[in-house]
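Presented below is the structure to which this report refers.
One-based numbering, in listed order, for ligands and for the atoms of each.
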Amino acid sequence: MTETQNPLDVLIVGAGFAGVYGVHKFRSMGFNVLAVEAGENVGGTWYWNRYPGLRCDVDSLEYCFGFSEELQRDWTWTERYARQEEIERYINYAADRLDVRKDIRFNARVASTAFDEASALWTVTLENGDSYQSRFIVMATGCLTVPKTPDIAGIGDFKGELFHSVRWPRQSPDLSGKNVAVIGTGSTGVQMIPLLAQQARNLVVVQRTPAYCVPARNGPWPEERVEYWRQNFSQLRDMAKNSRAGVLHEYGILPLHAIRPEDREADLERRWLKGGPNVTYAFNDVVTNKAANEVVAEFFHRKIRSAVTDPATAEKLIPSGFPIATKRMCVGTDYYETYNRDNVQLIDLRTEKLEQIEADGIRTTDGFYPVDVIILATGYDAMTGALLAIDIQGRDGHRLREDWSHGPESYIGMGISGYPNMFVVTGPGSPSVFSNVVVSIEHDIEWIADCLDYMREHGKRTIEADPAAQDRWMDHVDEVAGRTLLNEAASWYRGANVAGKPQRFMPYVGGVNTYRDTCRQIAANGYEGFNIDGGSDARGEPAIAQAADT
Ligand code: N01
């Protein structure tokens, strides 16, 4: 690591996609930057997560950095949906090529950050007591970082092996010949269940909410497809940036009522055969119009019934009680078909109650299931978990844990009133998890970089979201979500999966394209909605040193 100058211009918390790009971007502008990362290496969620079957369900040609022609040109993705190992290798490749490791401190978990008004500096303290001072801090802590461990009676009494998907051992355990249980059927469960069924003697799946799962139809990329992307990357990336979700889905342009029933069915079938989430974009009103939503949901129900041979099991797998696509769509391979195997049992917690976990198995109201291994695929304290794990103290005694006790509030996801010179990457109130997150990460880092440049150019000391602008933005975030069916599901998007977590729809669902335009306009208007103060810090130095001085 290069020697750290104190105070830093920018301290970044986290070294996933956002931290790696942030170090590169801010450093290339002449800023004095350091990233601190709890893990031993770069990767963020792709470093911590490594359970069997883990892939990204965004096309690999799109789920990658877009800012550098060279990085893009010299890397070849092998499959449509890249495995965790390939994505982790990619982030390491990017980190090596950008030479960012020298400005990242690994094995460094942040305990607290505190803003000092007199000096306008943040002090960032690590769990080991080391601390740094920085003029700006960028929270690149990720949306899906902190595992959610369920509070199930007796879980502490279990004498077998217990794993959480998010903290999967680097040396993957050998499950062959064992009786294994998986709790959770979200994206993680859906990906691991078919593989675990092949390894385990018996697999018991504990399902609280059945998943809508679309077939991935994963496979190697045809060479011509890779070459096409290589040749046309910038134009394709621009199209993605200007789309609703930051990814080149096949977005239907017509509402349900404008399409004849026989054409709807044919199109749904075509999209189903194509694989991936395109099927949920068949009409442009799937998440806003109940009738359109039901057409797609019924299509899925028929698919489940035809994939699963035992009709009773098929019924258990059919989701109910929430509109399709209001919980994150799952993308899987042979997910429903796995329940045709003799060694797989399904516990449906809608009809069978989980009483407790005992030393050697799971007891429900219907019986006892002996197991040697329990795998928790129970998800994350999403979007706010990693931020609130740090004791963040802003101006005037503001503490983020208190300020967000009724739910997260931000201005465009990146600024928070009461926390000057602190930026959040893909924070609540931005498209983040409702988009191709790498596209959103790049946007946020570049917007923050422009803002830092503005502060430097104008010799400004602090920038902070105005409370009224923040309120208006949050009203807008609520209003846009309120126009959809998204609040009808108890999803992690709303914090509903964590007991006691305030429920508020967290991502901005107005579209990546709209969001980018808004952010561009805010910057063009001199960072409208932010309060910008001062010309120098308490010691008479410009808030950020001019590039020439660093
Ligand atoms: O977590 P989840 P995940 N008893 O919260 C159940 C991304 N991701 O790790 O729905 C019994 O979705 C819970 O039930 P319910 C992606 O954005 C991407 O699977 O709360 N069950 C649910 O079934 C994704 O959405 C990829 O009723 C309990 C499951 O556990 C996000 O990460 C791969 C329970 C948790 O599902 C999170 O996915 C993986 C309890 N006490 C993840 N508590 C790809 O790119 C929870 N559950 C492919």
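Atom-to-atom distance recorded for D238:CG and N232:CG is 11.5 Å, nearest 0.5 angstrom.
Among V182, T185, L54, the residue whose heavy atom sits closest to atom 22 (C) of ligand 1 is T185. Nearest-residue assignment for atom 48 (C) of ligand 1 (options K327, M192, Q191, R328; heavy-atom criterion): Q191. Nearest to atom 24 (C) of ligand 1 by heavy atom, out of A499, S187, A490, is S187.
For ligand 1, the atoms lying closer than 4.0 Å to a non-hydrogen atom of R55 are 44 (C), 45 (O), 48 (C). Distances below 4.0 Å separate heavy atoms of C56 from the following atoms of ligand 1: 45 (O). Heavy-atom proximity to P150, at under 4.0 Å, picks out these atoms of ligand 1: 40 (C), 41 (N).
Smallest separation of non-hydrogen atoms from G252 and N284: O-CB, 3.3 Å. Contact record, I390 with V13: CD1-CG1, 4.2 Å, taken as the closest heavy-atom pair.
Taking the ring axis of W492 as reference, the NZ or CZ atom of R328 does not stay both within 45° of it and closer than 6.0 Å to the ring centre. A cation-pi arrangement, defined by a distance under 6.0 Å to the six-membered ring centre and an angle within 45 degrees of its axis, is present between K327 and F322.
Taking a 4.0 Å cut-off on heavy atoms, V206 fails to register as neighbouring ligand 1. Not close to ligand 1: Q207, with no non-hydrogen atom less than 4.0 angstrom away. Put simply, part of A377 is less than 4.0 Å from ligand 1, judged by heavy atoms.
F300 has its ring centre less than 6.0 Å from the ring centre of W272.
By the criterion of a heavy-atom distance under 4.0 Å, the side chain of Y51, and not its backbone, is placed next to ligand 1. The proximity of L144 to ligand 1, defined as any non-hydrogen pair under 4.0 Å, is limited to the side chain. By the criterion of a heavy-atom distance under 4.0 Å, the side chain of Y380, and not its backbone, is placed next to ligand 1.
For atom 1 (O) of ligand 1, the closest non-hydrogen atom of the protein is G379 CA, 3.1 Å. Counting protein heavy atoms only, atom 21 (N) of ligand 1 is closest to R208 CB, 3.6 Å.
Remark: ligand 1 and D151 share no N or O pair separated by less than 3.5 Å (distance only, no angle test). Checked by distance only, ligand 1 and D57 come closer than 3.5 Å through their nitrogen or oxygen atoms.
Residue pairs that meet the ring pair (Phe, Tyr, Trp, His ring centres under 6.0 Å) test with at least one member in residues 345-371, sequence neighbours left out, do not exist here.
A donor-acceptor pair under 3.5 Å is absent between the side-chain atoms of T288 and the main chain of T484, judged by distance alone.
Of the candidates E86, E85, E79, E88, E79 is the only one forming a salt bridge (charged side-chain N to carboxylate O under 4.0 Å, His left out) with R55. Put simply, the residue from E62, E442, Q72 that forms a side chain to side chain donor-acceptor pair (under 3.5 Å) with R237 is E442.
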